[in-house]
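As a basis for the values below, the full set of heavy atoms in this structure was taken, side chains included, without hydrogen atoms, waters or symmetry mates. Just so it is clear: chains get the letters A, B, ... in the order the sequence lines come, proteins before strands, and each one is counted from 1.
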Protein chains: 2
Amino acid sequence: MAKDVKEILKNNSLSITGSREKILGLFLEQPGALAHGDIEKRAGEKFDRVTVYRTLQTFVEKGIIHTIPTADNSIRYALCKDDCKEGHHHDHHVHFVCTQCNITYCLDDVVTPELKLPKGYISTHIEVVAEGICKNCK
Amino acid sequence: MAKDVKEILKNNSLSITGSREKILGLFLEQPGALAHGDIEKRAGEKFDRVTVYRTLQTFVEKGIIHTIPTADNSIRYALCKDDCKEGHHHDHHVHFVCTQCNITYCLDDVVTPELKLPKGYISTHIEVVAEGICKNCK
DNA sequence: TAGTAAAAAGCAACATAGTTGCAAAATCTT
DNA sequence: AAGATTTTGCAACTATGTTGCTTTTTACTA
């Protein structure tokens, strides 16, 4: 495990609990994003659904993970890069959903493009989700 | 009403029914996108939820409306432009969600930008959702 | 325009997602 | 180690979406 789960929790002033360790561990040990359902399945069994919801919510608030909207109406969560601080979230990269393996990737190096919006529209945040075939499924 | 509801239904070889007329009418008489919940509320009362779901599904299949993914996990639907044919859907424009009035607009004139993806990734569809303040709320 | 086949609506029941309040258990602090 | 604070798990509830089946409506044709 590249980064220590406990350290991440401490750095965000979160108490260290079993569910937080396990859920954060899941994010660290695989490349893609996870939906709430994935976590319940992969978590090795027994977690109360409520605990998972609340843990994810806490992680999002602390800026440890961020949400990714997808077309199939299931919110997915992915780890944030280090420069995400609480309340100040840098999520300016593109997301990629593979239609074959259904994994969602954060393309951290692909920056959200600029947009010319019609007069009067002011955008504060732009979300880009690309769909297609990933490098592993080709 | 700019366009005749019945005509649109006929052009897509759909039978003309009360619910289809009313739901399609809702889309025509307002600029933004509608979520399933909006439709149930605005439909002037009594519609079975199942009927609304099935009607929306039918409209999507026929290419009359398209779906817009949003961050809050509620699928919204909006009218397609005329050049959407069944099975061959042109949805290359950007969507805009106003954080104030919560209306979702189709910015038909703002084309989805090109993206340089990492090697190995092949994208078939790109979805762009901008968030901010719309021209009416400014 | 009446009769009929096909399609859609409505109903019931079920499945999945997500939320809230509260009591029990675990964690942190000193 | 003990008390205060968090977090967990449970139960109940709401919202959202789906499926099968029966009744009603629509479109077609004679």
Side-chain angles (χ1 to χ4, degrees), chain A residues 4-26 33-62 64-77 86 102 104, chain B residues 4-26 33-62 64-77 86 102 104:
Chain A
D4 193 25
V5 167
K6 289 183 186 174
E7 199 183 325
I8 296 176
L9 291 175
K10 271 183 193 165
N11 288 343
N12 288 281
S13 51
L14 290 173
S15 44
I16 292 161
T17 67
S19 46
R20 282 182 184 159
E21 285 186 86
K22 244 185 221 165
I23 292 173
L24 188 47
L26 283 178
L34 294 172
H36 174 269
D38 299 327
I39 293 166
E40 272 194 289
K41 280 171 210 152
R42 298 205 205 172
E45 297 133 80
K46 52 204 161 196
F47 269 127
D48 196 85
R49 288 172 341 101
V50 180
T51 301
V52 177
Y53 281 117
R54 288 200 268 233
T55 303
L56 288 173
Q57 194 178 303
T58 305
F59 286 175
V60 170
E61 280 165 12
K62 291 290 180 179
I64 300 173
I65 58 177
H66 63 269
T67 60
I68 307 168
T70 51
D72 65 341
N73 203 20
S74 70
I75 296 183
R76 284 158 184 271
Y77 300 88
E86 185 170 1
N102 208 32
T104 301
Chain B
D4 193 25
V5 167
K6 289 183 186 174
E7 199 183 324
I8 296 176
L9 290 175
K10 270 184 194 166
N11 288 343
N12 289 281
S13 51
L14 291 173
S15 44
I16 291 161
T17 67
S19 45
R20 283 182 183 160
E21 285 186 86
K22 247 185 219 166
I23 293 174
L24 187 48
L26 284 177
L34 295 172
H36 174 268
D38 300 328
I39 292 167
E40 273 193 289
K41 282 171 208 151
R42 297 204 206 175
E45 297 135 78
K46 53 202 163 195
F47 268 124
D48 195 86
R49 285 170 347 96
V50 179
T51 302
V52 177
Y53 282 116
R54 288 202 265 233
T55 304
L56 288 173
Q57 194 178 304
T58 305
F59 285 175
V60 170
E61 278 165 13
K62 290 291 181 180
I64 300 173
I65 58 178
H66 62 268
T67 60
I68 308 169
T70 51
D72 66 340
N73 205 19
S74 70
I75 296 183
R76 284 158 184 273
Y77 300 87
E86 185 171 358
N102 208 33
T104 300

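The distance from atom CG of B/L9 to atom P of C/dA7 is 16 Å, rounded to the nearest whole Å. As rounded to whole Å, 14 Å separates atom C1' of D/dG17 from atom CD1 of B/I39. Taking atom CG of A/D38 as the reference point, atom P of C/dA17 lies 10 Å away to the nearest angstrom. Between the P atom of C/dC11 and the OH atom of B/Y53 lies a distance of 16 Å, rounded to the nearest Å. Between B/K6 atom NZ and D/dA27 atom C1' there is a gap of 14 Å when expressed in whole angstrom units. At whole-Å resolution of the value, NE2 in B/H36 and C1' in D/dT18 are 11 Å apart. Rounded to an integer number of Å, the gap from A/Q57 CD to C/dA17 C1' is 14 Å. Rounded to an integer number of Å, the gap from A/I75 CD1 to C/dT16 P is 19 Å.
Within the 4.5 Å cutoff, the side chain of B/I39 has heavy atoms near those of the B/L56 side chain. Two residues are said to be in side-chain contact when any heavy atoms from C-beta on lie closer than 4.5 Å; A/Y53 and A/D48 fail this criterion. When side chains are defined from C-beta on, A/F47 does not count as touching A/T55, because their heavy atoms never get closer than 4.5 Å. Counting only heavy atoms from C-beta outward, the side chains of B/I75 and B/H36 never approach each other to under 4.5 Å. Residues A/Y77 and A/T104 form no side-chain contact, since every pair of their non-hydrogen atoms from C-beta on lies 4.5 Å or further apart.
Closest approach of B/I68 to B/A33, counting heavy atoms only: CD1-CB, 3.8 Å.
Direction of the helix axis in the helix from C/dT1-D/dA30 to C/dT30-D/dA1 shifts by 30° between the two five-pair termini, rounded to 10°.
In this structure a side-chain-to-backbone donor-acceptor pair under 3.5 Å is present from B/D38 to B/A35.
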Nucleotide by nucleotide, 5' to 3', does protein get under 4.0 Å of the base (B), only the sugar-phosphate (S), or neither (-) in nucleotides 6-13 of chain D, counting heavy atoms?
SSBBBB--

Between B/I64 and B/L14, is the side chain to side chain contact (heavy atoms under 4.5 Å, CB included) condition met? List the steps.
CA-CA 11 Å; B/I64 300 173; B/L14 291 173; 3.9 Å; yes

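B/S15 and B/R20 share a side-chain donor-acceptor pair at under 3.5 Å.
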